[in-house]
Protein chains: 2
Amino acid sequence: MKKIPISRYFFKGILILVNQVLLQIMTIKYLLDSNFKPTSYGKGDVIYEPGAQPRAVYFIKSGKVRMVTVNDDGKEFIQGIFKTNEYFGEPALLLDKPYLAYTIATQDSEIIAVKGEDFLKMLKDHPDFSMKLIQTLSHRLFYKSMMLEELANEHAEHRIRTLVAYLFKDVEHGQELKVTRQQLADMSGLRVETVIRIIKKLSDQKELKLMKGKIIKI
Amino acid sequence: MKKIPISRYFFKGILILVNQVLLQIMTIKYLLDSNFKPTSYGKGDVIYEPGAQPRAVYFIKSGKVRMVTVNDDGKEFIQGIFKTNEYFGEPALLLDKPYLAYTIATQDSEIIAVKGEDFLKMLKDHPDFSMKLIQTLSHRLFYKSMMLEELANEHAEHRIRTLVAYLFKDVEHGQELKVTRQQLADMSGLRVETVIRIIKKLSDQKELKLMKGKIIKI
DNA sequence: TTTAATTTATGATCCAGATCATACTTAAAT
DNA sequence: ATTTAAGTATGATCTGGATCATAAATTAAA
């Protein structure tokens with residue numbers, strides 16, 4: 001029964017979740033140099049909502065964004081997290097289907113909305129860019145396939161172990177995982193209390209360390 | 001605790017699940033005309049397994065294939081279903097990551113394995129083909145996002161209602177949905193018994209019709 | 001530095017859906 | 001036409017994780 005208001009969502013971490021494959025510098029430069037003007041969004045601002053018809057693709061010049069679906073009870077599910085130099089919203093645009101999710105600025109962000117026709121032109125003019133897009137989409141599919149299998153088949157502990165292992169990929173040994181239990185819950189479909197208990201258990205089993213409640217990679 | 005052996009998986013239906021976007025005729029023709037020779041797979045044959053390193057992309061000349069992940073207990077989750085004129089296995093190849101899933105012929109099939117380098121060449125030589133691939137991947141992402149939200153947040157009845165509505169898209173009114181309860185279970189992460197009870201309930205509520213156990217779209 | 005707001009923590013209860021068991025129906029194979 | 005296998009059906013029990021409740025520890029704000 002969580003509500004949408006946003007203030008507590010302050011991802012500092014999760015630098016790379018679903019979108020390791022960066023745009024090449026060239027494309028970014030192209031965007032920045034050309035006449036696309038970024039829009040500023042404050043923490044918690046909604047960039048688009050489910051049901052809206054897509055007209056643009058969004059490039060994050062700076063900042064961070066989370067994509068969430070919300071069910072009738074207000075429970076959120078984090079579909080993905082996007083950060084500086086990544087883009088989002090392409091699938092809906094390219095299929096011309098209404099968005100399924102909210103995207104919400106997790107922190108103050110500057111975002112360039114590239115109109116549909118311009119985006120298609122970019123894809124045509126820069127074949128390398130198509131290739132990068134294909135890889136990005138592939139990567140998101142990988143993540144979603146993995147999570148689907150987990151949500152469908154695995155028990156809570158397994159889910160959290162898999163998810164944490166995945167997120168640890170971008171964390172140094174001895175460093176903290178900058179994700180709250182609530183966020184882990186919203187990514188795994190579990191409840192905070194359950195996640196808290198499991199994280200504790202994993203700590204007992206020396207699969208990770210806890211310091212002041214922070215999750216530390218061993 | 002379902003076992004892998006395959007004989008009972010005889011999808012006749014689900015013509016279009018995740019892959020509405022067909023290859024353009026051109027590309028198929030290109031494939032069929034050129035020197036790519038199809039391999040024959042019998043019902044139940046495994047095309048690739050999780051962990052294997054991808055070397056090719058697979059085009060289905062004829063037949064049907066299901067992509068499933070299997071957990072330690074042997075419980076399956078159907079990640080996707082692919083039929084004639086569709087292709088599968090690209091994401092792993094393009095990311096050069098080992099496969100996550102099994103792909104198994106659901107019926108006798110002829111499948112063309114296109115080597116990685118040839119596939120990349122196709123992408124370069126046929127810009128339209130890249131675009132189609134992008135759309136195909138987008139569509140799969142849509143399906144997976146929808147299912148993730150369902151598995152994470154929704155109760156059994158809601159899951160089945162959503163899944164059945166999705167599958168009904170390709171069924172005429174008064175026609176049967178050619179999917180077994182077990183398959184619905186394997187797509188929704190529920191158990192057969194649960195699915196059976198829910199389908200019965202949906203039938204009581206006149207959301208669908210049952211004839212000789214078959215699910216009929218109203 | 002005090003107050004307020006988030007986040008983490010933990011125990012007690014409850015229930016949706018899994019599990020188990022058994023039978024019936026329909027379709028396929030011989 | 002008969003056997004066999006696959007799928008559907010249904011009741012009884014059990015359990016993992018949700019829910020509820022309450023508090024302590026961090027972190028942010030005033």
Side-chain angles (χ1 to χ4, degrees), chain A residues 1-3 5-13 43-44 71 73-75 77 106-107 150-161 176-186 188-204 208-216, chain B residues 1-3 5-13 43-44 71 73-75 77 106-107 150-161 176-186 188-204 208-216:
Chain A
M1 236 52 67
K2 290 177 25 265
K3 17 60 212 189
I6 312 299
S7 41
R8 75 178 157 77
Y9 298 97
F10 201 90
F11 278 108
K12 289 174 196 152
K43 182 178 164 184
N71 80 349
D73 297 336
K75 197 183 171 218
F77 180 77
T106 295
Q107 55 186 233
E150 287 289 327
L151 298 205
N153 285 338
E154 304 292 358
H155 284 198
E157 186 175 332
H158 195 287
R159 286 193 215 177
I160 293 299
R161 189 180 279 122
E176 86 179 274
L177 180 65
K178 290 181 180 143
V179 183
T180 66
R181 312 291 194 275
Q182 182 63 59
Q183 286 156 2
L184 290 175
D186 288 348
S188 65
L190 299 168
R191 295 299 179 162
V192 219
E193 299 92 326
T194 306
V195 172
I196 287 171
R197 290 182 236 257
I198 290 170
I199 291 291
K200 184 131 305 167
K201 190 172 173 192
L202 294 182
S203 162
D204 291 346
L208 51 83
K209 223 173 79 178
L210 283 182
M211 274 178 60
K212 289 192 179 187
K214 297 289 160 216
I215 299 169
I216 312 287
Chain B
M1 238 52 68
K2 294 177 22 262
K3 15 59 209 180
I6 310 300
S7 40
R8 74 178 156 79
Y9 298 98
F10 202 89
F11 278 108
K12 287 172 194 155
K43 182 178 165 181
N71 80 349
D73 298 334
K75 197 182 172 220
F77 180 77
T106 296
Q107 53 186 235
E150 287 289 328
L151 298 206
N153 286 338
E154 304 293 359
H155 284 197
E157 187 176 331
H158 194 287
R159 286 193 215 178
I160 292 301
R161 190 179 278 122
E176 86 178 273
L177 179 65
K178 289 180 181 144
V179 183
T180 67
R181 312 291 193 275
Q182 181 63 59
Q183 286 155 2
L184 290 174
D186 289 348
S188 64
L190 299 167
R191 295 301 180 159
V192 217
E193 298 93 327
T194 306
V195 173
I196 287 171
R197 289 182 237 257
I198 290 171
I199 291 291
K200 184 130 305 164
K201 190 172 172 190
L202 295 183
S203 161
D204 290 348
L208 50 82
K209 224 173 80 179
L210 284 181
M211 273 179 59
K212 288 192 180 186
K214 297 290 161 215
I215 299 170
I216 312 288

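Per chain, numbering begins at 1; letters A, B, ... match sequence-line order. Everything quoted here is computed from the prediction, not taken from an experiment.
Scanning for side chain to side chain contact (heavy atoms under 4.5 Å, CB included) contacts around A/H155 gives an empty result, with sequence neighbours left out. A search for side chain to side chain contact (heavy atoms under 4.5 Å, CB included) contacts involving A/R181 returns A/V192, A/V195, A/I196, A/I199, A/L210, A/I215, not counting sequence neighbours. By the side chain to side chain contact (heavy atoms under 4.5 Å, CB included) test, B/R159 pairs with B/E150, B/L151, B/E154, B/L190, sequence neighbours left out. Residues forming a salt bridge (Lys or Arg N to Asp or Glu O under 4.0 Å) with A/R161 (at least two apart in sequence, or on another chain): A/E157, A/E207.
Phosphate contact (OP1/OP2 of C/dT19, side-chain N/O of B/R191, threshold under 4.0 Å): present. Within the structure, a side-chain polar atom (N or O) of B/R181 is placed less than 4.0 Å from OP1 or OP2 of D/dA9. In this structure, B/T180 does not reach the D/dG7 phosphate: none of its side-chain N or O atoms is under 4.0 Å from OP1 or OP2. Contact check, B/K200 against D/dT8: no side-chain N or O comes under 4.0 Å of OP1 or OP2.
Residues B/I196 and A/L190 both approach DNA chain D. Their nearest nucleotides, taken by heavy-atom distance, put B/I196 toward the 5′ side. When each of A/E193 and A/R159 is assigned the nucleotide of DNA chain D bearing its nearest heavy atom, the one mapping closer to the 5' terminus is A/R159.
When rounded to the nearest whole Å, the span between NE2 of B/H155 and C1' of D/dT19 equals 11 Å. Between the CG atom of A/L151 and the C1' atom of C/dA18 there is a distance of 17 Å, given to the nearest Å. Atom P of nucleotide C/dA9 and atom CG of A/D204 are separated by 11 Å, given to the nearest angstrom. Distance CZ (B/R197) to P (C/dC20): 14 Å, rounded to an integer number of Å. When the P atom of D/dA6 is taken as reference, atom CG of B/D186 falls 15 Å away, rounded to whole Å. Taking atom NZ of residue B/K201 and atom C1' of nucleotide D/dT10, one finds them 16 Å apart after rounding to whole Å. Per the geometry, CD belonging to B/Q182 stands 12 Å off P belonging to C/dA18, to the nearest Å. One interatomic measurement links the two molecules: CG of A/L210 to C1' of C/dT7, which rounds to 13 Å at whole-angstrom precision.
Each end of the helix from C/dT1-D/dA30 to C/dT30-D/dA1 gets its own axis from five base pairs, and the two axes differ in direction by 60°, given to 10 degrees.
For the atom pair CD (A/Q183) and CG (A/L177), the distance works out to 9.5 Å, reported to the nearest 0.5 Å. Taken from OG1 in B/T180 to NZ in B/K214, the straight-line distance is 8.0 Å, to the nearest 0.5 Å. Within the model, atoms CG of B/D186 and CD of B/Q182 stand 4.5 Å from one another, a figure rounded to the nearest 0.5 Å.
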Sort me out a list of protein N/O and nucleotides 23-26 of chain D N/O pairs below 3.5 Å, or just none if empty.
none

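Side-chain contact between B/R191 and B/K75 is present, with at least one heavy-atom pair separated by less than 4.5 Å.
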